[in-house]
Every structure is written in C-alpha cells, then in structure tokens.
Amino acid sequence: MAKSVVANPPFLRPLHQLEFLRCPRLSSKSQFHPRRFRSQPQSIIRAISAVAAESELGTQQDQAIEADIFACPVCYEPLIRKGPSGLNLPAIYRSGFMCKRCKKSYSSKDRYLDLTVTAGLRDYTEIQPARTELFRSPLVSFLYERGWRQNFRQSGFPGPDEEFKMAQEYFESAKGGLIVDVSCGSGLFSRKFAKSGAYSGVIALDFSENMLRQCYEFIKKDDTLSTTNIALVRADVSRLPFPSGSVDAVHAGAALHCWPSPSNAVAEITRVLKSGGVFVGSTFLRYSSLTPWFLRPFRERIPQGYGYLTEEEIKDLCTSCGLTNYSSKIQQAFIMFTAQKP
C-alpha cells in the first residue's frame with residue numbers, strides 16, 4: 001500500500017505530464033503561445049481598439065485624411081468623418097462629419113459641404129450685410145462669369161488668365177500643398193487651380209449657396225475636373241473650418257471689399273496658414289497713388305456699398321495680423337497683394 005501512494009520521480013513521468021508542468025493550462029485551440037504570453041495582451045487591446053474605431057468612424061484612412069483638412073467652425077476641433085475617403089466631390093457628398101467635442105454634425109447639400117456655424121439651424125436666421133446678400137442671389141451668381149466679372153477690366157483688372165498667372169507666381173513656394181480659394185464665387189479661379197495640377201487639393205469656399213451651385217455646374221461640364229481633388233465648401237471667411245496651421249495657401253480674388261469685417265477675415269486666414277504659408281488677394285482700391293489729389297476727398301465721401309481700402313490700409317491690415325513679406329502690384333483701381341505667415 002505504501003508503494004502505491006508514492007509519486008513517480010520526475011524523470012519517470014510521461015512526457016505529456018512534463019510539458020503540462022512547464023506551461024500554463026491552455027486549450028489546444030488557444031492563440032497564445034508560452035514564449036509570447038507576456039506581450040500578447042497588449043496586442044489584443046490594440047486589435048480591439050482598432051476594430052471599435054473602424055466600426056464607429058469608418059476606416060482609419062478616412063480619419064487620418066479628414067482630420068487634417070476640416071475642423072468644426074464652432075470650436076475648431078478636427079471633424080470625424082464617416083464615409084468614403086478622398087478630397088473630391090463624390091466622396092465629400094457621400095460623407096458625414098461630426099465634431100468630436102461639441103457633437104455638432106455637418107453634411108453636404110446640393111453638392112457642397114455646409115460648414116457654417118448656422119448649418120442645420122431650423123428657426124434662427126441671421127441678417128447679413130447687403131453686399132453679402134447680393135452675391136447669394138441666384139441672378140448675380142448666374143451672371144458672375146457671364147458679364148459681371150468682365151466689367152472689372154474698366155477698373156484695371158487684367159482679366160482672369162493674367163490674374164491667375166500673377167497669383168501662381170506668388171504661390172510658387174506653396175505648390176504641392178493644400179490651397180483654399182476663399183470667397184471663390186462661381187469657382188473661376190478654383191477651377192484654374194485644380195486644373196493646373198500644382199496642388200494636392202483645392203477647396204472652393206464661399207458663403208453663397210448659389211455661387212457654389214454655379215461652381216458645381218461649371219465643374220460638371222468640364223471632364224478634366226471630374227477626377228481632380230477639389231471640394232466645394234460653404235463657410236464664413238471670418239470663421240474658417242480648418243485647424244490652425246493646416247493650409248499651405250489662401251487665395252481671395254476680388255473679395256476683400258465684400259467682407260463684412262476684413263480684419264476678422266485676415267486674422268482667420270493667418271490662423272489657418274502654415275508657417276511659410278502664402279496669402280494672395282485682389283480687390284478694388286478706394287484710390288491709389290496715381291489718383292489725382294483733388295479727387296481723393298470725393299472718393300472718401302462717396303457712399304460705398306463695399307469696403308474699398310487704400311494700399312496703405314491693406315498693408316497695415318496684413319502686418320497687424322502677423323503676416324510678413326508684404327508686396328503688391330497696382331493698375332488703376334486694381335491691386336493684387338501677397339503676404340506670408342512667418
């Protein structure tokens with residue numbers, strides 16, 4: 001009896017019992033292996049996190065792309081995107097966006113993405129200055145490239161092709177990056193920037209819904225733009241929906257005189273520009289150095305529906321908002337100016 005209760009020495013035990021004593025009790029179907037047992041829980045946590053993120057927000061690629069482009073106009077937090085990736089009209093139209101901080105949602109309407117603070121409001125309406133409401137008119141939006149813009153030549157504007165060439169020279173250091181065409185109107189220059197192939201993405205941005213609809217109609221008729229990285233966004237130039245320091249270049253063609261607050265707009269442009277980013281704008285001057293001195297008092301007193309500035313005021317505005325390397329070209333009442341974020 002005594003011999004029957006004495007355990008066999010280790011060297012006389014069966015081989016499967018020796019393995020059982022050296023490793024944890026695991027199922028034969030387990031994915032764990034003894035030599036990787038300590039590092040495996042971290043891998044499992046990462047895998048679970050990745051699956052959860054993918055199911056809630058779409059693919060990780062979508063999140064990475066859009067987090068660097070659009071931000072909430074309320075709190076400037078990067079938007080979370082759910083939908084197909086890409087900075088093009090079909091992808092943006094089929095995507096939904098939400099701010100991860102304030103939980104406000106944004107979506108596309110009539111082929112443009114509405115990223116205004118008032119997006120989605122049902123009862124509240126905001127009264128805009130007359131010059132802002134003018135460009136929201138369907139008639140003015142339709143006529144903008146059908147006679148309206150051509151009249152600018154009388155004030156010294158050299159014409160869209162020459163203006164585009166001048167702007168491209170200023171944007172030389174920003175090529176390959178993201179360009180935002182603020183107050184783009186019907187997309188006259190947005191389309192030129194996109195067709196040039198010089199930029200990784202072009203965002204045509206305007207407050208006017210009808211201008212953006214006209215821009216979409218022009219894009220739809222041009223086969224060369226069907227595969228380009230261009231997006232249509234409705235936004236307020238004084239509340240740009242981009243993270244700080246995320247944009248390579250900003251263009252504002254014949255726009256500054258239309259803004260309700262040029263100082264707020266230029267401050268916002270400075271905020272979203274990257275270090276070294278370039279701002280190029282054109283506008284009408286109230287008067288220039290070539291204007292006879294006896295005419296200047298009359299230009300000052302004439303009631304203005306627009307905010308025409310002098311060259312000195314434009315330079316002061318840019319430098320006071322932190323921009324440097326200011327320069328300009330003037331022809332009659334036309335001025336194209338540029339400045340850079342340090």
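What you see below is based on every heavy atom in this structure, not just the backbone, and it leaves out hydrogens, waters and symmetry mates. Keep in mind that this is a model prediction, so the values were computed, not measured. All residue numbers in this chain count up from 1 along the given sequence.
In terms of heavy atoms, D236 sits closest to T116 at N-CG2, 4.3 Å. The shortest heavy-atom contact between R286 and T310 is NH2-CG2, 3.6 Å. Residues V266 and C318 come closest through the heavy atom pair CG1-CA, 4.3 Å. Minimum heavy-atom separation, S95 to A91: OG-O, 2.7 Å. Taking both residues in full, the closest heavy atoms of A255 and S183 are given as CB-CB, 3.5 Å, listed atom of the first, atom of the second, then distance. The two residues N88 and P90 make their nearest non-hydrogen contact at OD1-CD, 3.1 Å.
Side chain of S208 to backbone of M211: a donor-acceptor contact under 3.5 angstrom is found. Remark: the backbone N or O of C184 is paired with a side-chain donor or acceptor of D206 at under 3.5 angstrom. With T324 contributing its side chain and Q340 its backbone, the two residues share a donor-acceptor pair below 3.5 Å. At distances below 3.5 Å, not a single donor-acceptor pair connects side-chain atoms of T132 with backbone N or O atoms of Q128. Judged by distance alone, the side chain of S200 and the main-chain N or O of G177 form a donor-acceptor pair under 3.5 Å. Under a 3.5 Å cut-off, the side chain of R149 and the backbone N or O of G159 do not form any donor-acceptor pair.
Hydrophobic clustering keeps F207 apart from V74 (ILVMFWY residues linked when any side-chain heavy atoms are closer than 4.5 Å, directly or through intermediates). Both L240 and V117 are assigned to one and the same hydrophobic cluster, defined by single-linkage of ILVMFWY side chains at heavy-atom distances under 4.5 Å. A continuous path of hydrophobic side-chain contacts links F164 to W148 [ILVMFWY only; heavy atoms under 4.5 Å].
By the 4.5 Å heavy-atom criterion applied to side chains, V182 and V250 are counted as neighbours. Side chains of F171 and V280 form a contact here, defined as non-hydrogen atoms less than 4.5 Å apart. For the pair S238/P260, no side-chain contact is recorded, criterion being any heavy-atom separation below 4.5 Å from C-beta on. Proximity of L113 to Y93: side-chain heavy atoms (C-beta onward) are nowhere separated by under 4.5 Å. Taking 4.5 Å as the limit, some side-chain heavy atom of S108 sits within range of a side-chain heavy atom of I92. A heavy-atom distance below 4.5 Å is not found between the side chains of I330 and F337. Within the 4.5 Å cutoff, side-chain heavy atoms of I69 are placed close to those of I203. At a threshold of 4.5 Å between non-hydrogen side-chain atoms, the residues K195 and L225 count as touching.
Relative to the six-membered ring of F142, R213 misses at least one condition, a distance below 6.0 Å or an angle of at most 45° to the axis.
Between R239 and E268, no side-chain nitrogen of the basic residue sits less than 4.0 Å from a carboxylate oxygen of the acidic one, so the salt-bridge criterion is not met. The pair R234-D114 meets the salt-bridge criterion, with a side-chain N (NZ, NE, NH1 or NH2) lying under 4.0 Å from an Asp/Glu carboxylate O. Ionic pairing of E312 and K315 is not present here: no N-O contact between side-chain nitrogen and carboxylate oxygen is shorter than 4.0 angstrom.
Residue pairs that meet the side-chain hydrogen bond (donor to acceptor under 3.5 Å, both in side chains) test with at least one member in residues 274-283, sequence neighbours left out, are D248-K274, H257-T283.
Listed by chain and number, the residues in a side chain to side chain donor-acceptor pair (under 3.5 Å) with S261 are S263, N264 (sequence neighbours excluded). By the salt bridge (Lys or Arg N to Asp or Glu O under 4.0 Å) test, K329 pairs with E169, sequence neighbours left out. Applying the salt bridge (Lys or Arg N to Asp or Glu O under 4.0 Å) rule to K175 yields the partners E172; only residues at least two apart in sequence or on another chain are considered.
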Can you give the donor-acceptor pairs under 3.5 Å from side chains of residues 96-107 to other protein atoms, not counting sequence neighbours?
residue, atom, partner, partner atom, Å
R101, NH2, E77, OE2, 3.2
K103, NZ, K100, O, 3.2
K104, NZ, A119, O, 2.9

Can you give me every donor-acceptor pair (side chain of residues 186-194, partner residue at least two apart or in another chain, under 3.5 Å) with its distance?
residue, atom, partner, partner atom, Å
S186, OG, E145, OE2, 2.5
S190, OG, D181, OD2, 2.6
R191, NH1, E145, OE2, 3.1
R191, NH1, S186, O, 2.9
R191, NH1, G187, O, 3.2
R191, NH2, E145, OE1, 2.9
R191, NH2, E145, OE2, 3.4
K192, NZ, D161, OD1, 2.8

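A distance of 10.0 Å separates CG of L139 from CG of N210, quoted to the nearest 0.5 Å. To the nearest 0.5 Å, atom CZ of residue F152 and atom CZ of residue F334 are 11.5 Å apart. A distance of 12.5 Å separates NZ of K220 from SG of C215, quoted to the nearest 0.5 Å. A distance of 8.0 Å separates CD1 of I269 from CG of L256, quoted to the nearest 0.5 Å. For the atom pair OH of Y112 and CG of L232, the computed distance is 10.5 Å after rounding to the nearest 0.5 Å. The CD1 atom of I80 sits 15.0 Å away from atom CZ of F70, with the distance rounded to the nearest 0.5 Å.
Residues R146 and Q214 bring a donor and an acceptor atom of their side chains to less than 3.5 Å of each other. Residues Y170 and Q168 have side chains that never bring a donor and an acceptor to within less than 3.5 angstrom of each other.
Taking the six-membered ring where tryptophan is involved, the planes of F157 and F284 are tilted, since the angle between them lies from 30° to 60°.
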Let's go through I219 and L89 carefully: what are the C-alpha distance in whole Å and the side-chain angles of both, what is the deciding distance for side chain to side chain contact (heavy atoms under 4.5 Å, CB included) to 0.1 Å, and is it a yes or a no?
CA-CA 10 Å; I219 291 174; L89 296 181; 3.8 Å; yes
